[in-house]
Number of protein chains: 2
Amino acid sequence: MAERISDAEHAVMEVLWDHAPLDAQSIYDRLADSQSWTLATVKTLLSRLVAKDALATEAQGRKFFYRPVIERTAYVAGESRRLVDRLFGGRLSPLVAQFADAETLSPEDIAEIEALLQELKK
Amino acid sequence: MAERISDAEHAVMEVLWDHAPLDAQSIYDRLADSQSWTLATVKTLLSRLVAKDALATEAQGRKFFYRPVIERTAYVAGESRRLVDRLFGGRLSPLVAQFADAETLSPEDIAEIEALLQELKK
DNA sequence: TTCGTATGACTACAAATGTAATCGAAAGCC
DNA sequence: GGCTTTCGATTACATTTGTAGTCATACGAA
């Protein structure tokens, strides 16, 4: 388990993390504005996610309802760590520095992060 | 251009970002302890990176010296942004929060990040 | 001059990924 | 009860990626 989730598959996961159990058609509908996939494509992604144990199904009559097995929190944590390990030697501060240099931090962001750190220090 | 660099290719880029122009053999040598690739594999990766315009070559006698065309800074910035956009709605603070929750921040990390933010506020 | 050798180019091939059509069965409609 | 619609399952196929073997060739040693 803990198979790698691809980009396309991730988009499907996001929908399910947002709206609990859904059937294929509903997932397709919700993806409609962000992606221009056919229903068939969405179904393929769903099958692959089930095969990867990232989703579980629950038969409801003749259709399936899909629900995440993996928590979004866990996924996000894993991906974040992967990136930080790969690009910043496992340390978070260089990443923050990187955003600082890019000047992509608003005063609100700065305040928010500071608050977080304050919390941590206690 | 700006083709996507794969994980394996990234490992090669790191070597070159670290040690200016190198020939295939030297790159292979430097990768030896982290990866168990054959020289042939390294050469394939090098070719692909050249095809993607991520590396440039410079003939020196009968061998090539490879050097990055893409700056590590730019690559790192791009990858970081991709992740933050994809998983945190483009905001950095939720990522920091994520690491805070995971308790992976040492007091030194915290101090360092705070210092960075102090700098920014000026 | 002849050979062995090192080098980049080309070829190979399985697995993963993106994207989708088709097929068989079940369900509902008339 | 047959026909159509709807599902999930199966199959398809190009591209990317991981991993590596082979080939032509230019060099250098003898």
Side-chain angles (χ1 to χ4, degrees), chain A residues 1-16 21-67 69-70 75 78-79 82 86, chain B residues 1-16 21-67 69-70 75 78-79 82 86:
Chain A
M1 29 227 87
E3 306 255 3
R4 193 116 194 76
I5 290 174
S6 79
D7 275 11
E9 288 162 0
H10 171 237
V12 171
M13 291 302 288
E14 285 294 345
V15 169
L16 285 164
L22 286 180
D23 67 290
Q25 179 66 50
S26 311
I27 295 170
Y28 166 71
D29 290 342
R30 284 176 190 281
L31 282 168
D33 35 330
S34 53
Q35 317 286 153
S36 45
W37 291 329
T38 64
L39 179 57
T41 298
V42 174
K43 285 182 179 178
T44 297
L45 295 173
L46 285 171
S47 301
R48 288 181 183 168
L49 284 166
V50 170
K52 290 181 181 179
D53 286 311
L55 291 182
T57 54
E58 184 186 319
Q60 196 77 152
R62 49 253 73 288
K63 69 172 56 171
F64 280 3
F65 278 80
Y66 298 85
R67 80 164 63 249
V69 167
I70 299 175
Y75 174 74
E79 290 295 298
R82 244 177 73 81
R86 211 163 57 90
Chain B
M1 27 229 83
E3 306 255 3
R4 192 116 193 78
I5 291 174
S6 79
D7 276 10
E9 288 162 1
H10 171 236
V12 172
M13 291 301 288
E14 286 294 344
V15 169
L16 285 164
L22 287 180
D23 67 291
Q25 179 66 51
S26 312
I27 296 170
Y28 165 72
D29 290 343
R30 285 177 189 281
L31 283 167
D33 35 331
S34 52
Q35 318 285 152
S36 46
W37 291 328
T38 64
L39 179 57
T41 297
V42 174
K43 285 182 180 178
T44 297
L45 295 174
L46 285 170
S47 300
R48 290 182 183 167
L49 284 166
V50 170
K52 290 181 181 180
D53 286 310
L55 292 181
T57 55
E58 185 187 316
Q60 195 79 150
R62 64 243 78 291
K63 65 173 58 172
F64 280 4
F65 278 82
Y66 298 84
R67 78 166 62 249
V69 167
I70 298 175
Y75 173 75
E79 290 295 298
R82 245 177 72 81
R86 211 162 56 91

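Numbers restart at 1 for each chain; the letters A, B, ... are given by sequence-line order, proteins then strands. Please read these numbers as outputs of a predicted model, since none were measured by experiment.
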Spacing of Glu79(A) atom CD and Arg82(B) atom CZ [to the nearest 0.5 Å]: 9.5 Å
Please work out if [X] contacts a base, only the sugar-phosphate, or nothing of the nucleic acid, heavy-atom cut-off 4.0 Å.
| X | value |
| --- | --- |
| Asp7(B) | sugar-phosphate |
| Thr41(B) | base |
| Thr38(A) | sugar-phosphate |

Ala8(B) vs Phe64(A), nearer the 5' end of DNA chain D by closest nucleotide: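 The residue whose closest nucleotide sits nearer the 5' end is Phe64(A).
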Under 4.0 angstrom between Ser6(B) side-chain N/O and dG18(D) OP1 or OP2: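 Looking at the OP1 and OP2 atoms of dG18(D), one of them is under 4.0 Å from a side-chain N or O of Ser6(B).
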Presence of Gln25(B) side-chain N/O under 4.0 Å of dT7(C) phosphate oxygens OP1/OP2: yes
Please state how far atom [atom1] in [X] lies from atom [atom2] in [N], giving the value in whole angstrom units.
| X | N | atom1 | atom2 | answer |
| --- | --- | --- | --- | --- |
| Leu45(A) | dC7(D) | CG | C1' | 17 Å |
| His10(B) | dT17(D) | NE2 | C1' | 16 Å |
| Leu39(A) | dG8(D) | CG | C1' | 10 Å |
| Glu58(A) | dG8(D) | CD | P | 13 Å |
| Leu49(A) | dT17(C) | CG | P | 10 Å |
| Lys52(B) | dT15(D) | NZ | C1' | 11 Å |
| Gln60(B) | dA26(D) | CD | C1' | 16 Å |
| Gln35(A) | dT19(C) | CD | P | 8 Å |

So, does the side chain of [X] form a donor-acceptor pair with the base of [N] at under 3.5 Å?
| X | N | value |
| --- | --- | --- |
| Arg4(B) | dT15(D) | no |
| Arg62(A) | dG28(C) | no |
| Thr44(A) | dA20(C) | yes |
| Arg48(A) | dT10(D) | no |

Selection from [options] that lies nearest to any side-chain heavy atom of [X]:
| X | options | value |
| --- | --- | --- |
| Lys43(A) | dG8(D), dA20(C), dA9(C) | dG8(D) |
| Ala40(B) | dC7(D), dT7(C), dG21(D) | dG21(D) |
| Lys63(B) | dT7(C), dG8(D), dG18(D) | dT7(C) |

Contact summary for Arg67(B) and Pro21(B), nearest pair of heavy atoms: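 Here Arg67(B) and Pro21(B) meet closest at NH2-CG, 3.7 Å.
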DNA chain C: 5'-proximal contact among Asp23(B) and Trp37(A) (nearest heavy atom):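 Residue closer to the 5' terminus by nearest nucleotide: Asp23(B).
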Residue met sooner reading DNA chain C from 5', once Phe65(B) and Glu9(A) are mapped to nucleotides: Phe65(B)
Charged N-O contact under 4.0 Å between Arg4(B) and Asp7(A):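 Salt bridge between Arg4(B) and Asp7(A), a charged N being under 4.0 Å from a carboxylate O: no.
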Test item: side-chain donor near acceptor, Asp23(A) and Ser26(A), under 3.5 Å: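 Distance-only check passes for Asp23(A) and Ser26(A).
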Residue pair Thr38(B) / Thr41(B), side-chain donor-acceptor N/O under 3.5 Å: yes
Residue of the set Val12(B), Leu22(B), Leu16(B), Val15(B) for which side-chain contact (heavy atoms from CB on, under 4.5 Å) holds with Tyr66(B):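 Among Val12(B), Leu22(B), Leu16(B), Val15(B), the one meeting side-chain contact (heavy atoms from CB on, under 4.5 Å) with Tyr66(B) is Leu16(B).
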